Amino acid sequence: FVLVTVFSLLIGLSQRKVHVIDHRDHRIFGTDRTFTFIGIFGYILYLLHPKDLLLFIIGALILASFLIVYYLYHLRNDRDYGITSILIALITYCLGPLTELQPLWLVLIVVVTVLIFAELKESFISLSEKIGKDEFITLAKFLIIAGVILPIVPDTPFVEGLSLTPYRIWLAVVVVSGISYASYLLKKYLLQRSGILVAGLLGGLYSSTATTIILAKKCRQEPGKMTHYMSAIFLATSMMYLRVLILILIFNMELFLYSWPWFLILMALSAGTGLFLFLFRKRDSGEGDTQPIPDKNPLEFQTALIFTALFVLLSFITYAVLNRFGTPGLNVLSFLVGMVDIDPFLLSLFEEKFAISIVAMTVASFQAIISNNLMKMIYAMIFSDKKTYLYLLSGFLFIVAINILIILML
């Protein structure tokens, strides 16, 4: 009884606050006391006849008749078609049997959800105004590839001795798309005015190579913000280490437990390099508040198809190289793939769990990253201004040197 009373009162208080803010307290169905009595009323009727809920159903019909009268009056006089207060009143009426029949955590979730959603009306209106016309189509695509296709694809290996299956292939696509989609949503809706540095961080979660090229071009176009763009390039590289670490965590726990300190060290040093440039180099005039990275849908089917093809191809290549040349062949391959795109190669390495040691797998991962960092350094120097060459060269060579040092320690 105490729980039902307190929960009903909280809901009523939230309704009073919402309607007072809206200046509509003169024409609302009820607030604190009304909702408290609705909750108590439902609880009493449930206790009196709990077996077939006859009295509870009759009480619901009585309450519904009052709500219908209220809604018709509300509709005729105010031309307001909203039924939020009516629905909340009905939920409050159900708190009694819900508290008796279900665990307390479920009741709390219901109450908290009602309180939060009742308060977020203006936030939802503001959010809906920001959402583009194609955003729900994008969300539907992601739900299809993650919730519909993934559970139904078979988990049978293509080749004996190679654990590559349709399920594992599509799981890799879902994971990479999920990380990209999350960074895309954060950048577009939560951190729109966060500045160039945060744009580099979020872009690095999607693709540090693409982000580096875009930021380098901006560096040449806007020399007054050169420091910001150079710093953001190294922050994007730091996020590349985080992205790879997340993939390891998902696909190979043994490798994660062995390698996570090294990845965090490299991530911190890369971020530190960017922040050092930003804080201690003489700042250029102007603050960049706009996002330099264009909004791009990370769920483009063509991109996913290319990634899947590369992932499958590199899985077979890695399997063949290991069988033919062993670990030395894998080392050469890791340097070569770093010049293109490391994600498909690393995923094939993490997911297949080839017959190589954890140390050899870690070394191959870092070698691919070294190659990729060198390519990003070249891209950055090609597309940016000459004034940035020394800083970009020094920063990337420092990160590569630490990476090589860690490989030697392994």
Side-chain angles (χ1 to χ4, degrees), residues 1-133 135-137 139-140 143 189:
F1 175 78
V2 172
L3 288 176
V4 171
T5 303
V6 171
F7 291 156
S8 303
L9 177 60
L10 288 174
I11 292 175
L13 288 171
S14 73
Q15 286 297 291
R16 177 179 290 278
K17 179 182 176 181
V18 169
H19 290 293
V20 167
I21 291 176
D22 289 342
H23 304 288
R24 294 170 51 192
D25 51 322
H26 62 284
R27 50 187 172 87
I28 61 177
F29 177 77
T31 53
D32 35 39
R33 293 185 305 163
T34 304
F35 279 83
T36 304
F37 292 142
I38 288 174
I40 294 174
F41 179 56
Y43 186 51
I44 292 173
L45 294 181
Y46 167 77
L47 289 180
L48 291 176
H49 218 288
K51 290 185 178 180
D52 56 9
L53 300 178
L54 179 61
L55 292 180
F56 183 79
I57 294 173
I58 294 174
L61 294 175
I62 294 173
L63 177 62
S65 64
F66 280 103
L67 293 174
I68 290 172
V69 172
Y70 158 75
Y71 182 70
L72 293 176
Y73 174 84
H74 192 55
L75 188 63
R76 185 186 66 184
N77 290 274
D78 301 320
R79 301 298 179 186
D80 191 341
Y81 296 88
I83 60 171
T84 303
S85 297
I86 295 175
L87 294 175
I88 293 177
L90 293 173
I91 293 173
T92 306
Y93 180 75
C94 295
L95 287 179
L98 188 66
T99 306
E100 286 286 335
L101 300 175
Q102 300 299 323
L104 180 59
W105 63 265
L106 180 59
V107 184
L108 284 172
I109 287 178
V110 172
V111 174
V112 169
T113 302
V114 170
L115 293 176
I116 291 176
F117 277 73
E119 295 275 349
L120 291 180
K121 178 181 179 181
E122 297 299 326
S123 299
F124 285 134
I125 294 174
S126 176
L127 179 62
S128 65
E129 293 174 350
K130 297 178 182 178
I131 295 177
K133 61 179 181 179
E135 289 301 322
F136 286 107
I137 296 177
L139 176 61
L143 293 177
Y189 294 109

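Worth knowing before you read on, the calculation uses all heavy atoms, side chains too, and leaves out hydrogens, waters and symmetry mates. Here the structure is a predicted model, which means the values were calculated and not measured. The first residue of the sequence shown is numbered 1, and numbering continues consecutively from there.
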Ser8 side-chain N/O to Thr5 backbone N/O, donor-acceptor pair under 3.5 Å = no

Here the pair of heavy atoms bringing Glu100 nearest to Leu47 is OE2-CD2, 4.3 Å

Are Val110 and Leu98 close enough that some pair of their side-chain heavy atoms sits under 4.5 Å apart?
-> yes

Answer yes if the side chains of Glu119 and Ser14 hold a donor-acceptor pair under 3.5 Å, and no otherwise.
-> no

Measure the spacing between OG1 of Thr92 and CG of Leu87 and express it to the nearest 0.5 Å.
-> 10.5 Å

Answer yes or no: are there more than 12 heavy-atom neighbours, outside Ile109 itself, under 6.0 Å from its atom CD1?
-> yes

When rounded to the nearest 0.5 angstrom, what is the spacing between CZ in Phe7 and CD1 in Ile11?
-> 9.0 Å

Measure the shortest side-chain to side-chain distance between Ile88 and Val114 over non-hydrogen atoms and say whether it is less than 4.5 angstrom.
-> yes

How long is the gap from CG on Leu63 to CG on Leu61, to the nearest 0.5 Å?
-> 9.5 Å

Would you check, one step at a time, whether the test side-chain contact (heavy atoms from CB on, under 4.5 Å) holds for Leu101 with Tyr46?
-> CA-CA 11 Å; Leu101 300 175; Tyr46 167 77; 3.2 Å; yes

With side chains defined as the heavy atoms from C-beta onward, is the minimum distance between Leu67 and Ile83 less than 4.5 Å?
-> no

Nearest-0.5 Å distance, CD1 of residue Ile62 to CG of residue Leu45 | 7.5 Å

What pair of heavy atoms forms the shortest contact from Pro97 to Gly42, and how long is it?
-> CD-O, 4.4 Å

Hey, can you tell me if Phe56 and Tyr93 have their rings parallel, tilted or perpendicular (30° and 60° cut-offs)?
-> parallel

Going by heavy atoms in the side chains, are Phe1 and Ile40 under 4.5 Å from each other?
-> yes

Qualifying residue for side chain to side chain contact (heavy atoms under 4.5 Å, CB included) with Val6, from Val2, Leu3, Leu9 = Val2

Starting at CG of Leu72, measure out to CD1 of Ile68 and round the result to the nearest 0.5 Å.
-> 7.5 Å

From CD1 (Ile38) to CD1 (Ile91), nearest 0.5 Å = 11.5 Å

